[in-house]
S.K.: 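Pasting a structure here, questions to come.
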There are 2 protein chains.
Amino acid sequence: MSETEPRSEQAAPAVRTQQPERTDQTPEQTAPTRPHTGRRRNEAAHRAILDAALHLLADSDGTPVTIDAIARTAGVGKQTVYRWWPSKGAVLLDALTDRADQDVRGPDTGTLRTDLRTFVATTFDAAQRSTTASALRTLAREAARDPHLAELMQTFTATRRTALRELLSRGRERGELAGDADLELIVDQVYGVFWYRFLLGHGPLDPNTAERLADSLLTGNAAD
Amino acid sequence: MSETEPRSEQAAPAVRTQQPERTDQTPEQTAPTRPHTGRRRNEAAHRAILDAALHLLADSDGTPVTIDAIARTAGVGKQTVYRWWPSKGAVLLDALTDRADQDVRGPDTGTLRTDLRTFVATTFDAAQRSTTASALRTLAREAARDPHLAELMQTFTATRRTALRELLSRGRERGELAGDADLELIVDQVYGVFWYRFLLGHGPLDPNTAERLADSLLTGNAAD
DNA sequence: TATTTGTCGAGACTGCTAGTCTTGTCAAGC
DNA sequence: GCTTGACAAGACTAGCAGTCTCGACAAATA
């Protein structure tokens, strides 16, 4: 999620409401740029918060994760959390995407069937990993109530949607899909099934399902 | 939702925690069945609560509907709400399904393509009606946090899923689908796309989309 | 070294909500 | 007239997000 939270070693999250580090920059005024004063940010606390959040997200069996719990687990004051993240959702999303693979480039083997099968199977598989799965589920549930978090998640999923759309687009140009195929609808069929089964858990998200889904989408939208 | 909340003129909801009306029945003991004493249930209040809930559900622009607001709008004490429904979610779901068409029998024209197109289009259309749409969205968001409500909603949606599955099953027996077609996956593609677009609102749920989706599902799962 | 600036942990506090409990009232049957 | 149970009103508890305050502490500067 580098586009939403471009954190580096010392940078603050982009979504901060106030950015204390930048108040001295004040463009248009030729204020003397004073690089930094005062105590520095505690990186250990920063890490501890993210770790605690991820840990709680993964452990919580549906029960919502509270900021109090995160702060207590991290051995940190609540204000320290709110100093660096604007809301609970931002912390949770940041914790989840912190270590996630950011360059979601879809496969490009030259054959749409292979690419799509791989993409769907990889998507299903990645979400199933026990560390991620519970955390992602909890996050999605939180997003249902928190519009701010929902927005953050949209930009997160948009990256993956785009990768899939481009994968399909390449295939369509090669004639492996009908010229008038509705790529957006195909994307939604993949992610619709994914989220539906992921959140409700009433059906499998195994490699076999991935293959069936990919193949039926190809056949259903094949060139005449 | 008569299967979840079998209310009639005098019956209490099935999901009640305590059932004051039944404490005197105590089976195994041949207690004298005393039919009823005390003041009767106020049907006007009952209706007012459901109406208020539906009204608030439809009006709320994402903001959660509170029990206080329902009670106040209905001109009713909070305890009167909790006397007849076990939780907020139960009230909301009951309000939404109160007037809904309960016999969700899928169409059966003898041709799968027609049946499926109609079913999908009807599903999309029904959810879009302005009265229902906002209420259903709010309800789904509430269900994300309230496991009890989630369970109630599952039994609600199960009826519709079954209708679709049977529609597909009939078509498969007529040879309009491959013998090994994964009906459950097709059902999930329909409802996956539906809920995905309905909740996120990033793509249309119009008749054209319904037709495309139905046709691609048929082609993608056609008999060889 | 002393001062300033800004972070830290701790925890009190506000505001909101679900759900419970209490109180006094009212209606239906005995 | 008495009992029973529904009723409106509203106080109350418990949990949570987010704010505010406090005294301690660390980095840069004078």
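In this text the structure is predicted, and so the values were computed from the model without any measurement. Because only heavy atoms are used, hydrogens play no part in the values below, and waters and symmetry mates are left out as well, while side chains stay in. Just so we're on the same page: letters track the sequence lines, and every chain starts at 1.
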S.K.: Please determine, for the side chain of A:N42, which listed nucleotide (C:dC8, D:dT19, D:dC7) has the closest atom?
M.R.: C:dC8
S.K.: Rounded to the nearest Å, what distance is computed from the CD1 atom of residue A:I49 to the C1' atom of nucleotide C:dT7?
M.R.: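 So the CD1-C1' distance, A:I49 to C:dT7, works out to 12 Å.
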S.K.: Between A:R145 (CZ) and C:dA18 (C1'), how many Å, whole number?
M.R.: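 A:R145 atom CZ is separated from C:dA18 atom C1' by 10 Å.
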S.K.: Which of the following nucleotides, C:dA18, C:dT7, D:dA8, is nearest to the side chain of B:T80?
M.R.: D:dA8
S.K.: Any side-chain N or O of A:W84 under 4.0 Å from OP1/OP2 of C:dC8?
M.R.: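 For C:dC8, OP1 or OP2 has a side-chain N or O of A:W84 closer than 4.0 Å.
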S.K.: Do B:Q79 and D:dC7 have a side chain to base donor-acceptor pair shorter than 3.5 Å?
M.R.: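 Looking at the base of D:dC7, it does not pair with any donor or acceptor on the side chain of B:Q79 (distance under 3.5 Å).
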S.K.: Rounded to the Å, how far apart are B:L56 CG and C:dA18 P?
M.R.: 12 Å
S.K.: Using every non-hydrogen atom in the two residues, find where B:Q128 and B:A133 come nearest and quote the distance to one decimal.
M.R.: O-CB, 3.9 Å
S.K.: Please pick, from C:dG19, D:dA28, C:dG11, the nucleotide with the shortest atom-to-atom distance to any side-chain atom of A:R40.
M.R.: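 Side chain of A:R40 sits closest to D:dA28.
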S.K.: Out of C:dG11, C:dT20, D:dA8, which nucleotide sits closest to the side chain of B:Y82?
M.R.: C:dT20
S.K.: Side chain of A:R39 only, heavy atoms from C-beta on: which candidate in C:dG9, C:dG19, D:dA24 is closest?
M.R.: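 Minimum distance to the A:R39 side chain belongs to D:dA24.
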S.K.: Relative to each other, are the rings of A:W195 and A:F198 parallel, tilted or perpendicular (30° and 60° limits)?
M.R.: perpendicular
S.K.: Taking atom types as modelled and ignoring hydrogens, do the side chains of A:E151 and A:H148 form a donor-acceptor contact shorter than 3.5 angstrom?
M.R.: no
S.K.: Going by side chain to side chain donor-acceptor pair (under 3.5 Å), name the residues that satisfy it together with A:D206, two or more places apart in sequence or in a different chain.
M.R.: A:T209
S.K.: Just how far, in rounded Å, is P of C:dT20 from CD1 of B:I67?
M.R.: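 That distance rounds to 11 Å.
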S.K.: Provide, to the nearest angstrom, the distance between the CZ atom belonging to A:R83 and the C1' atom belonging to D:dC22.
M.R.: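 Interatomic distance, CZ of A:R83 to C1' of D:dC22: 13 Å.
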S.K.: Looking at every strand, decide which applies to B:V65 at a 4.0 Å heavy-atom threshold: base, sugar-phosphate, or nothing.
M.R.: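 Sugar-phosphate only.
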S.K.: Return the value, rounded to whole Å, for the distance between atom CZ of B:R41 and atom C1' of C:dC26.
M.R.: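 Going from B:R41 (CZ) to C:dC26 (C1'), I get 18 Å.
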S.K.: From C-beta outward on B:K88, which listed nucleotide comes closest to its side chain: D:dA17, C:dG19, D:dT19?
M.R.: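 Nucleotide nearest to B:K88's side chain: C:dG19.
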S.K.: Separation of B:I70 atom CD1 from D:dA8 atom C1', in whole Å?
M.R.: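 The answer, rounded to whole Å, is 17 Å.
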S.K.: Where the side chain of B:K88 meets the backbone of B:V65, is there a donor-acceptor pair that is under 3.5 Å apart?
M.R.: yes
S.K.: Which nucleotide in the list C:dA18, C:dT22, C:dG11 gets nearest to the side chain of A:K78?
M.R.: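 Closest nucleotide among those given: C:dG11.
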S.K.: If I take atom CG in residue B:D68 and atom P in nucleotide D:dC12, what distance separates them, rounded to the nearest angstrom?
M.R.: 15 Å
